[in-house]
Structure formats: C-alpha cells, structure tokens
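Everything below concerns the one structure shown next.
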Amino acid sequence: MTGDLLALPRRWSAIRRQRVALVVLIAFELGLLALAGTQLVQVRVVEDRRELVGNVETIYFRNEIVGDPPLLILIVLGTLLPLASRQLRREPVLLVATQAAIVGLITFVFWPLAQVFVEGFRAGQGAEGFSLIQFEKLLETPMVARAARGTLVIGVTSAVLSTVIGTLVAYTLTLTDVPWKRWLRVLTTLPLVSPPFAVSFAVILLFGRRGLITYDLLGITQYNIYGPHGIVFVQLISDIPLAALILAAVFASISRDLEEAAEDLGGHPFYVLRTVTFPLVTPAILTAVLLTFINAIADFGNPMLIGGGYQVLATQAFIQMIELFDLQSGAALAMLLLVPALAAFILQHWIANRRSYITVTGGARTGHIRKLPGWIKWPLFGLCVFLAAFNILLYGSIFVGAAVKAWGFDYTPTLRNTYGLLNSLPMLRNSLIVSVGSGLLGGLIGILLAWLVTRQRFPGRGTLDFSATLMYAIPGTVIGIGYIIAFNAAPYFWTGTFAIIIVAYAFRRLPVGLRTAVAAQKQIDPSLEEASLDLGASRLRTFTQITFPLLSRAFFAGVIYIFIRSMTDLSAAVFLNAGRTQLFTVRMFRVMITSTPSEAAAFAALLIVIILIALSVLSKVTGKSFVDLFRV
Amino acid sequence: MAETFATASISLQNLTKRFGAVTAVDDVSLKVESGMLVCLLGPSGCGKTTTLRMIGGFEEPTAGRIFIGDETVTSLPPYARPTAMVFQSYALFPHMTVYDNIAYGLRARRMPRGEIEKRVQDALALMELHGHEKKSPPQLSGGQQQRVALARALVTRPKVLLFDEPLSNLDAQLRVRMRGEIRAVQKRLGITSVYVTHDQEEAFSIADQVAVMNAGRIAQIGAPRELYRQPTDRFVAEFVGLSNIVAAELVEHSASGALVRVFGQTIRSRRPPRNPGSAVSLVLRPEALRIEKTGGAGVPARVLAQAFVGPLVRYTVAVNTSTVLTVDLHNPGPDEFFAEGTPVTLQLPSEVPALLG
C-alpha cells in the first residue's frame, strides 16, 4: 500500500515495490527519530569555572546534557523492535501502527511511572544515585506513618464491605424474583454517575454539623461525620455499585444448565451452590475486592472533604507536591500508593486469566430466576430498597441544596447559586475541551490497540495488552505526580497546557476504551477483514472501510466513557491543571471547601446534569440500558 | 466475464507451518495445473485449511515456497496476491449492499467508475443476481449469499480461486446444487482453483484431482476414481469411502500383479505390492462384496446387523471371531434380506486394483 502512495512503477514486481517502500519508510522514521532526538536531548554549554592568570580571566565551559536520553533510547528501541518481525516488515501500515502503539505506551505509561520511582529514590532535588532517604524521612514523620496505616485500613475495610454488600445486591437484582428490579438496578447504580467526591459532599449535606438529617430532623449536635468512618462510609456508597456491577455480569452469565447438571447428578441445592455456583463467581468476587481496594486507596477528594484532617497517602502526596513542592517526597508517597495498587492489579489479572469461566457459556440458558424462601428474599429486597432510597436522598439533596438560599440555615428557593457558576464558565469550557479531547484520543488509541491485540499476531502482543490495561490500576494521584515529574522540565514544559491533561486522561482511561473495542472486535468475523485484504484492499483501506465502520459504535462508546470519567476526575486534575487550564472539578472542589454548601451544590448539580446528558447519548449510541452502560 | 481468465498454475514447494509446538502443515508439495480444480480433502485438523490460507497469504509458512505461475508469492501480503477466496462464512460486508460488496475489490484497485459498473453488471448476470444489487447481505438467502461471495471473488479476475469449505453453511440439497454451479462457473472460466472440504462426496463430484490430507501431510493425490480404486494407504482407503481392510497372505507376485489369499480364497491384484517383504492387506469395498444364502462356494459368515437405507441394505457380517465386514447390497431383491444371526455365504471379488502396503 505504501507502494501505491509512493507511486512506485507498476512494472516493478510486487516484492521489489514492497522492499523499496520499507526502505523509504525506515528512512522517514529515522528522520523523525533524529528530530525527536534533538528535542529530547539537548547539549547546553554552561560555564564550568573561571581562572584568573595575571589579569587575564579564562572562562572554561563544559557541555551539559539536558533532557531525557533514556527516554530517547527507549523510543528508539520501541521503534526498532517491531522491525524484528518478518510479517511487520512486509506490511508498512501494520509496522507503523505497532511502532506508534509501543512508543505511545512507553512515553505516556511507562515513562511517567518510571519517573515516580526514579524521583522517589532520589536523595533530594537534582541529587544523583539511589537513596532510601525519602522513605526514612517519610516514615519518621508520624503523620505519614499514620496516613499509610490509615490508607490500608480504609482500603481493606471498604473493599471487603462493599464487595459483600455488592454481591448481595447483584444476586438479588439478577437472580431472584423481587419486584421493581428495573428501577432498583438504575437507582443502586446512581453513584457511578457523579464525581466521587460529590458523594461526600452530599453526605455532609445530610449528616454534617448542620446536616438535614442529623441536625434538622434528629436534632443531634454531637454527631461527627468527619473522620475515617466518614471516609469508609462514602467509599461504600461509591464502591457498592462497582462491586455489584462486576458480580451482576457474572451471575447473569452462569449457565442454568451447569446447575441443573449438578442437581441431576445428585447434588443438593446447597451442595450445588458450594461446588458449582460459588466457584464460578469466585474470580469475579476477587476482581471486585481488588478493584474496590484500588479505588479506595487512590481516592483523593473524599478524604480531603470528609476526612476532617484524617490523613491518607493521597492527601499527603497532594500536600507534599502542591503545597510544599517537595517533588521527591511526593514521589515517594506516590510509590507507597502505587505498590499495593500494582500488586492488587497483577494479582487480579493473574486470577482472572487463570480462572475465567464466563466465555464457556455462550448460547446457554443464563440468568435463571431462583425461587428463594421469603426469609432470605425480603431482607435482600429491603437492602436494595434502602440503598436505592439512600441514593435518591443523596442526589436529591444536591439538587435541592443548589436551589435554596443557604443549606442548613435558610431553605427559601433561589437562583442566586447559579451566579457562581457563571463565573466558572471558563473552567467548564476547559473541562469540556480536555474531556472531549481525551475521549477522542483515547477512543482512537483504544480502537487501534484493540485491533492490534485481537487481530494481529506478533511477539510482545500480550505485553502490549497488559501495559495498556495497567493504567486501570494506577491511582490518579500517581498519574498526576508522574506526569508532572516526567514532563515538567526541559525539554517539554508541558505543565499548564491542555495537551498534558488530555494525554494523561486518554492513557489513564485507555483500558476502558480498549476493553470496549476488544469486545466489539471479537464480535466481528475475522474473515470480513481477510476478505477485504484478499480482494486487494490495503491494510489501511481495510481498516477505514471495514474495521472502523463496524467498530464505530464501540468507538463512540469509548469516547463518551472517557469523556465522563475525565469530566469527573479530580485526583489527577489537581496536579495537572494550572491557572489557565483550571478544570471544573478542581474549581468545584475549592468551592466546596471555601464557599457555602448551596453554592457548591450548584456546581455538583450542573456536572451531574452534563453527565446524565452524555449517558443518554451513550445509551442511544450503544442501544444499551442505563445500567449496562457501566459494564466495561 | 465471459472471456477466459489469465489464469496460472499453483505450485507449493515443501510447505511447512508450525503453530508453536504443533505442526499444522508438514512438508507439503503440490502442483495445481492451470485451469484445474484441486480439492484438499481431510478430517478437521489435517492442515487443509491452513494450506489454503497460506496460498491466500493469511498465514505465513514456517518453511517452503509458494508459486503462482512463475512468480513466488510466499512473502506477499494477501492484498498483493492474485488470489481470491470464497470464505466459509462468506464474509460479506454487512454494512454494504450487494453491489458495493461485489465492487469492493475493484474500488480497492482504483478502477474507473465505468469499468467497475460494467464488471459488476457482468458478475451479477453470471451469478444470476440481478435485482438483488441494492439489498444488504442479511436479506439474502444462503444460496444467494454464496453467489454474491463467488461474484465478489470473480470480479477482480484473480489468477487463482480459493474455496474454504464454501458450502458447509447450506442445507444438504442446496449444497448439491451450489457445488454444481461452482464447478460450472469454474470450468467455464477455466480458472485454477483450490477447494477445501471434509466431505468426500463433495470433493469427488467437483474436483479434477483430490489431495487427501492427514496430520499435515498429503497422504495421496489423484483423480477421484484413482483414489477410490487404488488407495495407497489405510487412511486414504478409510477416508474416501467405507472400507473393509483385511490382512492377506502374499502367494506370489510379479511386475504385473500379485496373488493373495484371504479367508481361504485367492484374489488377484492388478498391481504388485510395494513392499513385498512385509505383511500386505487389501481393501474390500462394501459394494464389491456379495452376500448369498448358504450352500454355494464362498466364505461362510454370520449376519450381525442389517440397516435398510433406501437404495441399499447395509449388512454387518462376522467372518470369524476377529473380522467384521460391511457389505452393501444395492437394489436388493425380496429374497436378499437376511435377519440378524442368519448364516450366509460371502462372495469376494476375484480381482482388486491394488494392495495396501
């Protein structure tokens, strides 16, 4: 196909055209690399010393290398590596796509993370060599030691509790015959819609010092929601739907045939539950535990709002980086966060790969309704109704709060709170630019990677898939810190640009775009693409005419998912945005801390409305119901 | 469309394909003369589809070379090869009309619009698809989809046509009709074709030559009659038709044939054994055996089972405790039905085309 672009003579044999095209391509790439090299590695002449001999002063200069030679080397390696494959050498388009994927992942996933480690093991600003001094310093600080313990306690507690409750909810709403299932499913999923810290804000509106329930209804003045129990409480509210979604998918996919076979072979219902049903859902339960754990330890907004001074690692990192501007201890803290998250992720990946049974049940009868005795069924139903009602209360309070004069004091309706919003329109615009940009970029990379991973066979394919999925496990805080360290100094100066936030979000949410695209790609018969190639269409033409049109729904779904996640992100945003690029969530967060609850509620309400609109578009595009949208 | 194609021969030289530790295709060499249709026949997993996909360029050979005409295409990607494949699933693009599907390969070659129009119309006429060009593939019946797939492959005027079990998604009757159509078009255009199937009847009815594949190798290649009458090994004999393979005692042999003894009877083989030193066996086709009432000369046997399948009765008979044979009695008369347990006499053929081993 490059042969055609280059308009190589038709009389040449196909093999000759192929070879010439490859040589031209490699020459072009070498040129690009050289250009990148001059940007990434620059030699600066700096004054070394001065010597005064007699009255002649001699100034000695030395060359100093600035920039990132290691990154350049990695990029060069990433470009050269695919050349080792015979198949790729023959197909220029595949070659370029693979190279782009590898270089992209190296630069925007691996490099920022590596920088966190490099910086964390550094003795101080600009110091050379390996040192553990940051960790010693941190662990000697009682605050940090407490924060580390606190993070772990909060992570484990909320992971276990939300998985248990989430499992019960998922079971009830998938496999039993309780009434109102449709509505309960939507209402229990609600917290996934909003930015996570909106939950703690709403909880404060309800249970805070002047909370509607605690103060106005119950007249309690002694109760204090602020603290670790508050953090766990709001984590539960956001993580129960996550765990429930993961498990509902598995419950729905368990083949009734398997259970019937087990019963037919003489198993009592409880024996079947223990030996067939439970083993089938175990991997999903572990997945839920690990993902909710990562969520809980990585969260920044909730502990900041409702922690009441209780420190966790994410908030400590923020203080070190942004308020004290101590890059090294910020990085060390990020590492403390990253290590358990990565360990959890790798464990989860390993389990999921070893024991996934979901694919076995294609075409089988699934989602069979179990008849449960009333004393089990109705308490489960009660639990779901309670959660649903609670969520209505939470989100209701945000909208009501936005429409009254002063929550907690004066409940007269007013439009006054929208004035604050008008001042924040530039931030809203920034957020929209960033979210649309990262959505498009992430969606596109997702499609490209999905195609490479599912359709092409080349060495290192598994690694590519793994590193793209890896970002799922990286706390937003760590990504923010990593990007700042990696791209802050010469030669990038990216801090404060939209580009850095867009790229960070696109790669952070890449797993979502990738999973959506992979699922869609697997639905498409590979012989469609083969037929196109066979009929003489180039790889590029096949991708644009066959693959992409068939994947367009998945692409738009990916774009909107990433858009929503980017609109609601706070933990990476606080590190990456700057004055000119301040994001709506960051502004909203500041308002929540400094302003009246009612003004802040207006921000949260607007954001929720935007997301609901995006979700309804998504629902149209994918033809999925509201709840299924979150199943990725 | 009516003119003959600039077709070319196909030559596979020592083709091998390994997937990890599995050898899917093992040192296969094959020559398909220009204008011929060769069937690759074999059970699933024998390497026939992998061989076809290597010709099409979808799999890269681990070793060996592929020629189309005089040109080596081994290292060319699929889109640069003069081949066109008809896929098992048809692989019709679901988001395009029938017309766009057929025109796809021509547009990919940036052909002028008028030429595309003309060629697509010719192809529609050839495959009797007029009136369907605006439809989308799912609106067509299985047979029509099959025709669109064939039209789409033919319209680019490939030098070689490849068929990957193209009829396996059709019902039995349509299968017979479509294979007739495919063969008619292939003969009319005189286009070199490779056709993969696991159905012996389909292979025999459509092919000039059949290559029986087993465990990644070509066990035997020849015209259908030759394969059926003179299988060279046990696998081929069993795969190309229900066969009774019995051990025989070599009495004498010369360059022009051999005499063997089976169940006390002497049978002549028109070909000498290939390894006279070792044990020989021979194929007794079910239809070559006769079953009679006891009394006459022949091999005494006992009926174990009978199955009436319309045009023939299939008997399973025991000759001795260790040998069970299948006997097909075509168009049986009223006195030729034997109940289970009946002693009978078996007539062996006096002559077989060849010996195994």
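Protein chains get the first letters and strands the later ones, always in sequence-line order, with residue 1 at the start of each.
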Problem set entry | Proximal component of B/Leu106, with respect to chain A [non-hydrogen, under 4.5 Å] | neither

Exercise. Looking at B/Tyr104 and A/Ser532, what are the two nearest heavy atoms and their distance?
Worked result: OH-OG, 2.6 Å

For this session: Step through the shown structure and confirm whether more than 12 heavy atoms of other residues, nucleotides or ligands are within 6.0 Å of NZ on B/Lys31.
Result: yes

Seminar exercise, completed: Separation between CZ (B/Arg107) and CG (A/Leu535), nearest 0.5 Å, reads 12.5 Å

Exercise. Listed by residue number, which members of residues 48-67 of chain B have a heavy atom under 4.5 Å from any heavy atom of chain A?
Worked result: B/Arg53, B/Gly56, B/Phe58, B/Glu59, B/Glu60, B/Pro61

Exercise. Does the side chain of A/Leu94 come within less than 4.5 Å of B/Pro77's, by heavy atoms?
Worked result: no

Seminar exercise, completed: Distance col, row A/Arg541:CZ vs B/Arg109:CZ, nearest 0.5 angstrom, shows 10.5 Å

For this session: Heavy-atom distances under 4.5 Å only: say whether B/Ala153 touches chain A with side chain, backbone, both or neither.
Result: backbone

Problem set entry | Which atom of A/Leu528 lies closest to which atom of B/Leu92, heavy atoms considered | CD2-O, 3.2 Å

For this session: Find the one option among B/Ala80, B/Ser89, B/Ala149 whose heavy-atom pairs under 4.5 Å with chain A are most numerous.
Result: B/Ser89

Seminar exercise, completed: The interface call for B/Glu71 against chain A, heavy-atom contacts under 4.5 Å, is side chain

For this session: Determine whether more than 12 heavy atoms belonging to other residues, nucleotides or ligands lie under 6.0 Å from atom CZ of B/Phe19.
Result: yes

Exercise. If you check every heavy atom in residues 546-554 of chain A against those of chain B, which residues fall under 4.5 Å?
Worked result: A/Ile546, A/Pro549, A/Leu550

Exercise. Looking only at heavy atoms, what is the nearest atom pair of B/Ala108 and A/Ala537, with distance?
Worked result: CB-CA, 3.6 Å

Exercise. Has A/Arg19 got more than 12 heavy atoms of other residues, nucleotides or ligands less than 6.0 Å from its CZ?
Worked result: no

Exercise. Take atom CG in B/Asp70; do more than 12 heavy atoms of anything else shown fall under 6.0 Å from it?
Worked result: no

Exercise. Tell me, side chain or backbone of B/Phe93 under 4.5 Å from chain A's heavy atoms, or both, or neither?
Worked result: both

For this session: Kindly check if the number of other-residue, nucleotide or ligand heavy atoms within 6.0 Å of CD (B/Glu128) is above 12?
Result: no

Seminar exercise, completed: Taking every heavy atom of B/Met96 against every heavy atom of A/Gln545, the minimum-distance pair comes out as CE-O, 3.9 Å

Exercise. Would you call B/Tyr79 and A/Asp534 a side-chain contact if the rule is heavy atoms closer than 4.5 Å?
Worked result: no

